[in-house]
Amino acid sequence: MGEIFEVRSFDAAGRIGELTVPRAGLTVETPALLPVVNPHIGTIDPADLASEFGVEMLITNSYILNRSDDLRDRVLSEGVHTLLDFPGVIMTDSGSFQLAEYGDIEVTTEEILQFQRDIGSDIGTPVDIPTPPDVSRAQANEELQTTQERLKTAERVGQKMDSEMLITAPVQGSTQLDLREQAARHAYQTKLDVYPVGGVVPLLNAYRYADMVDVVAAAKRGLGVDAPVHLFGAGHPMMLALAVALGCDVFDSAAYAIYARDDRYLTVRGTEHLDDLAYFPCSCSICTNHTPDEIRRCDDETREELLARHNLHVTFAELRRVKQAIRRGNLLELVDARARGHPKLLDGYRTLFDHSEQLERSDPVSKDAVFHVSSECVRRPEVMRHHSRLERLSVDGDVLLSEGGVNEAFDETWRVVPPFGPFPRSLSETYPLTVEVPERMSRKSYEMAADGIRALVETNPDTSFTLAHREWPKSALTRLPNAVAVTELS
Ligand code: GUN
Ligand code: ZN
């Protein structure tokens with residue numbers, strides 16, 4: 001494929017991009033969230049999705065359309081855009097998810113791709129096998145072989161059918177991380193266009209965000225930066241920032257409708273049950289025009305629709321917040337804030353920093369943003385980058401590393417800022433050392449700063465160093481090399 005995806009700006013591994021969809025003649029800004037539209041039970045009219053929510057792209061299921069006696073002929077004759085009354089980009093899934101949920105489905109990749117082409121889908125999907133988490137290596141491997149054969153089939157069908165429809169190349173491999181990476185590398189080498197990370201719905205439903213992070217990070221290692229990445233089945237607003245920070249570009253949300261059916265109200269800090277709400281913590285049109293009591297008194301259908309509308313509003317608001325954060329360079333601050341909403345999300349956030357080196361590769365060297373420091377931030381890409389820089393900084397003579405001012409008795413006075421560690425004053429105006437840090441930091445921040453001093457000492461064994469600190473904890477001071485003299489500032 002030609003250049004269908006261009007990245008405009010990065011923050012960590014997150015990016016603002018443009019996905020060009022030739023068959024629709026449209027370019028969609030990413031990260032994009034595709035509402036899932038069930039052709040049988042539309043809670044919200046797709047025409048409203050465009051006008052009220054600004055939706056540019058949605059996803060529907062070609063398998064359901066194909067199997068439906070009422071809809072098959074209609075969608076074949078009038079096309080899926082007319083059937084759904086939606087002017088934007090329509091992506092179609094293949095029935096793989098039904099395969100995972102209900103067992104056997106009776107359709108081949110060739111048939112369903114041709115059907116997707118025939119109904120006018122803009123982005124089609126082959127019948128991949130959504131292997132669930134935690135299966136044996138043998139099963140993961142065997143099912144991945146099948147998925148890979150289907151991608152090859154999709155590639156062949158795609159070339160033969162001479163259509164501008166884009167085709168996805170789902171990445172499977174269960175929770176076997178090396179298989180995920182290998183699957184991604186294989187998918188990337190096909191002539192297919194969009195790369196969904198699949199089989200993660202059970203992880204998301206169980207709030208296993210740490211595993212989700214490892215799985216996505218593994219897939220990302222096998223894909224080039226120019227690969228648009230879809231996270232299949234992810235649409236809860238509380239995890240969007242985290243998934244975007246990992247480098248996912250496209251999401252689909254069935255959550256807005258499924259949760260509404262059970263009276264569940266989405267927020268960026270988790271899910272609330274309508275019965276537990278005395279107030280609406282949201283300023284969307286639904287929440288400003290109704291009280292929780294009023295919605296509780298509505299009939300089932302109205303209540304479901306109102307909740308679905310709120311759920312979608314809150315999801316798109318979060319998506320805009322995520323995009324704004326990328327532009328502003330403070331996406332990781334947003335992820336940090338979201339991680340406080342749920343312990344499992346905090347685990348996911350901590351796991352994100354197990355991949356700090358991977359994030360560092362795309363993270364901008366300079367940002368016009370303030371760096372907020374929480375205990376997790378000691379492993380942010382910016383801190384890692386400063387630490388590797390310390391191994392290259394050389395300095396001679398008698399050097400004071402100080403949290404206070406310059407002392408003329410020394411040849412040089414460097415600054416020390418936890419969690420970064422030491423740096424020459426000339427770097428003070430360079431990101432991220434422009435950081436504003438709280439006066440009281442976590443113990444881990446001081447320990448990281450001490451490790452930074454150790455790295456500097458190891459690079460400059462003939463230089464004499466003195467640290468002038470303010471109330472560093474013992475656990476940090478004991479990490480310093482013996483050769484460093486220590487004084488405490490008052
Ligand atoms: N929807 C949610 N997960 C998946 C998946 O793994 N594959 C496909 N095709 N659709 C999905
Ligand atoms: Zn609302």
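Just so you know, ligand 1 is whichever comes first in the structure, and atom 1 is the first atom listed for that ligand. These numbers come from a predicted model, not from an experiment. Atoms considered below: every heavy atom in the structure, side chains included; atoms not considered: hydrogens, waters and symmetry mates. We count residues from 1, following the sequence as given.
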D300 vs R303, salt bridge (Lys or Arg N to Asp or Glu O under 4.0 Å): CA-CA, chis, key distance, verdict: CA-CA 5 Å; D300 288 355; R303 200 172 65 245; 3.2 Å; yes
Can you check whether T125 has an N/O within less than 3.5 Å of an N/O in ligand 1? no
Cut-off 3.5 Å, side chains only: do D70 and H40 have a donor facing an acceptor? no
Any side-chain heavy atom of I44 within less than 4.5 Å of one from F53? yes
Residue pair R117, V157: steps toward the side chain to side chain contact (heavy atoms under 4.5 Å, CB included) verdict: CA-CA 11 Å; R117 191 261 327 259; V157 173; over 6 Å; no
Step-by-step salt bridge (Lys or Arg N to Asp or Glu O under 4.0 Å) determination, D336 to R380: CA-CA 11 Å; D336 191 294; R380 273 179 64 141; over 6 Å; no
For [X], counting its heavy atoms only, list the atoms of ligand 1 lying under 4.0 Å from any of them.
X	value
F97	1 (N), 2 (C), 3 (N)
G199	5 (C), 6 (O)
V201	2 (C)

For ligand 1, note which part of V127 has a heavy atom under 4.0 Å away: side chain, backbone, both or neither. neither
Taking non-hydrogen atoms only, is D128 closer than 4.0 angstrom to ligand 1 via side chain, backbone, both or neither? side chain
Could you tell me the separation between the SG atom of C298 and the CD atom of E304, rounded to the nearest 0.5 Å? 12.0 Å
Could you go through K152 and E149, starting from their C-alpha distance and side-chain angles, then the distance that decides it, and tell me whether this counts as salt bridge (Lys or Arg N to Asp or Glu O under 4.0 Å)? CA-CA 5 Å; K152 285 289 163 195; E149 280 160 28; over 6 Å; no
Would you list the atom pairs, donor with acceptor, under 3.5 Å between side chains in residues 220-241 and any protein atom, with sequence neighbours excluded?
{"residue": "K220", "atom": "NZ", "partner": "G247", "partner atom": "O", "Å": "2.9"}
{"residue": "R221", "atom": "NE", "partner": "E181", "partner atom": "OE1", "Å": "3.1"}
{"residue": "R221", "atom": "NH1", "partner": "Q358", "partner atom": "OE1", "Å": "3.1"}
{"residue": "D226", "atom": "OD1", "partner": "Y188", "partner atom": "OH", "Å": "2.4"}
{"residue": "D226", "atom": "OD2", "partner": "Y188", "partner atom": "OH", "Å": "3.4"}
{"residue": "H230", "atom": "NE2", "partner": "D252", "partner atom": "OD1", "Å": "2.7"}
{"residue": "H236", "atom": "ND1", "partner": "M238", "partner atom": "N", "Å": "3.0"}
{"residue": "H236", "atom": "NE2", "partner": "T271", "partner atom": "OG1", "Å": "2.8"}

With ring-ring contact (aromatic ring centres under 6.0 Å, His included) as the test, would you mind laying out the steps for F97 and Y63 before giving the verdict? CA-CA 10 Å; F97 193 60; Y63 179 72; over 10 Å; no
What protein atoms of element N, O or S are positioned under 2.8 Å from the Zn ion (ligand 2)?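 Result, waters dropped: C282 SG, C284 SG, C287 SG, H310 ND1.
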